[in-house]
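Because the structure is predicted, anything quoted here is derived from the model rather than measured.
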Amino acid sequence: MQEACLVELISASPEETIHAGERIAGFLHPGSVVALRGGLGVGKTYLTKGIARGLGVKEEITSPTYTIICEYQGKLPLYHIDVYRLGGDDDFSALGGEDFLYGPGVSVIEWSELLRHSLPPDVITVEITLLEENRRLIRIPAFTMEEFNP
């Protein structure tokens with residue numbers, strides 16, 4: 001995957017971040033792994049809510065910070081994983097994390113930068129950066145996103 005080819009979006013609200021996630025969901029398939037990167041409060045969970053909505057998940061999506069892995073059913077299973085409280089790849093492996101990454105659903109991982117060796121080579125990395133109080137920059141590699149039009 002070439003990181004040089006990016007789609008960049010500016011989100012000015014949680015609703016716009018959710019909409020970006022919905023659009024991303026249209027490009028996902030069984031086994032897709034979306035690695036979210038960005039600091040506290042940048043909108044990782046809102047983006048995941050959009051991905052879930054795009055996958056037809058009806059349940060309310062909440063941050064899995066304390067549960068670590070939440071599973072939801074839509075058109076495909078959605079595995080929402082938050083590795084913030086883990087010590088890295090060894091803890092992720094001990095938890096059985098790879099089973100989700102190579103399973104029949106879509107995995108969305110918050111704080112993915114803490115996993116240096118567990119992510120598959122075709123991972124879709126999404127970086128979210130806070131620009132101002134209500135504006136975020138969402139950077140998405142153009143994996144097959146020639147038609148991506150937010």
Side-chain angles (χ1 to χ4, degrees), residues 1-3 5-9 11 13-131 136-145 148 150:
M1 180 179 313
Q2 295 183 10
E3 289 293 331
C5 210
L6 296 171
V7 172
E8 292 187 342
L9 308 170
S11 171
S13 69
E15 294 78 21
E16 288 181 12
T17 302
I18 290 170
H19 180 67
E22 287 180 90
R23 297 300 307 251
I24 291 168
F27 295 93
L28 303 178
H29 54 80
S32 290
V33 177
V34 180
L36 303 181
R37 296 185 178 185
L40 283 171
V42 297
K44 295 182 294 290
T45 300
Y46 281 108
L47 193 74
T48 304
K49 287 180 183 207
I51 291 171
R53 187 183 292 170
L55 293 175
V57 173
K58 301 293 184 205
E59 295 174 70
E60 178 65 26
I61 304 299
T62 59
S63 178
T65 300
Y66 296 102
T67 56
I68 303 185
I69 301 172
C70 292
E71 184 174 347
Y72 303 95
Q73 189 58 52
K75 297 174 206 168
L76 298 171
L78 172 65
Y79 311 117
H80 185 194
I81 304 167
D82 186 327
V83 298
Y84 183 76
R85 297 193 176 280
L86 298 182
D89 293 288
D90 290 340
D91 285 355
F92 185 68
S93 183
L95 200 68
E98 287 90 359
D99 294 341
F100 293 97
L101 301 186
Y102 299 101
V106 170
S107 298
V108 178
I109 305 171
E110 295 193 27
W111 300 98
S112 64
E113 59 271 26
L114 299 174
L115 300 179
R116 302 199 188 284
H117 306 290
S118 299
L119 301 177
D122 60 346
V123 65
I124 301 161
T125 302
V126 179
E127 296 178 16
I128 307 173
T129 307
L130 184 63
L131 299 176
R136 280 113 173 98
L137 172 64
I138 302 171
R139 300 180 74 203
I140 310 162
F143 46 101
T144 54
M145 300 181 64
F148 189 91

Original post:
Is Y72 atom OH crowded by more than 12 heavy atoms from other residues, nucleotides or ligands, each under 6.0 Å away?
Top reply: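 Yes, OH of Y72 has more than 12 neighbouring heavy atoms, counting only those of other groups under 6.0 Å.
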Subject >> Within 6.0 angstrom of Y84 OH, more than 12 heavy atoms from elsewhere >> reply: no
Can you name the closest pair of heavy atoms from [X] and [Y] and give their distance?
| X | Y | value |
| --- | --- | --- |
| S118 | D89 | OG-OD1, 2.6 Å |
| I138 | S11 | CD1-CB, 4.0 Å |
| E110 | S63 | OE1-OG, 4.4 Å |
| L101 | V33 | O-CG2, 3.9 Å |
| P30 | P104 | CB-O, 3.3 Å |
| L76 | H29 | CD1-C, 3.8 Å |

So does [Y] get a backbone contact from the side chain of [X], meaning a donor-acceptor N/O pair under 3.5 Å?
| X | Y | result |
| --- | --- | --- |
| K44 | W111 | no |
| T17 | L47 | no |
| R53 | E22 | no |

**OP:** For the pair Y79 and F100, name the ring-plane relationship: parallel under 30°, tilted 30 to 60°, perpendicular over 60°.
**Re:** perpendicular
Original post:
Can you tell me how far CG of L86 sits from OG of S93, rounded to the nearest 0.5 angstrom?
Top reply: 11.0 Å
Original post:
Would you say T45 and H80 make side-chain contact, with heavy atoms under 4.5 Å?
Top reply: yes
Original post:
Among D82, L119, V34, which one satisfies side chain to side chain contact (heavy atoms under 4.5 Å, CB included) with I109?
Top reply: L119
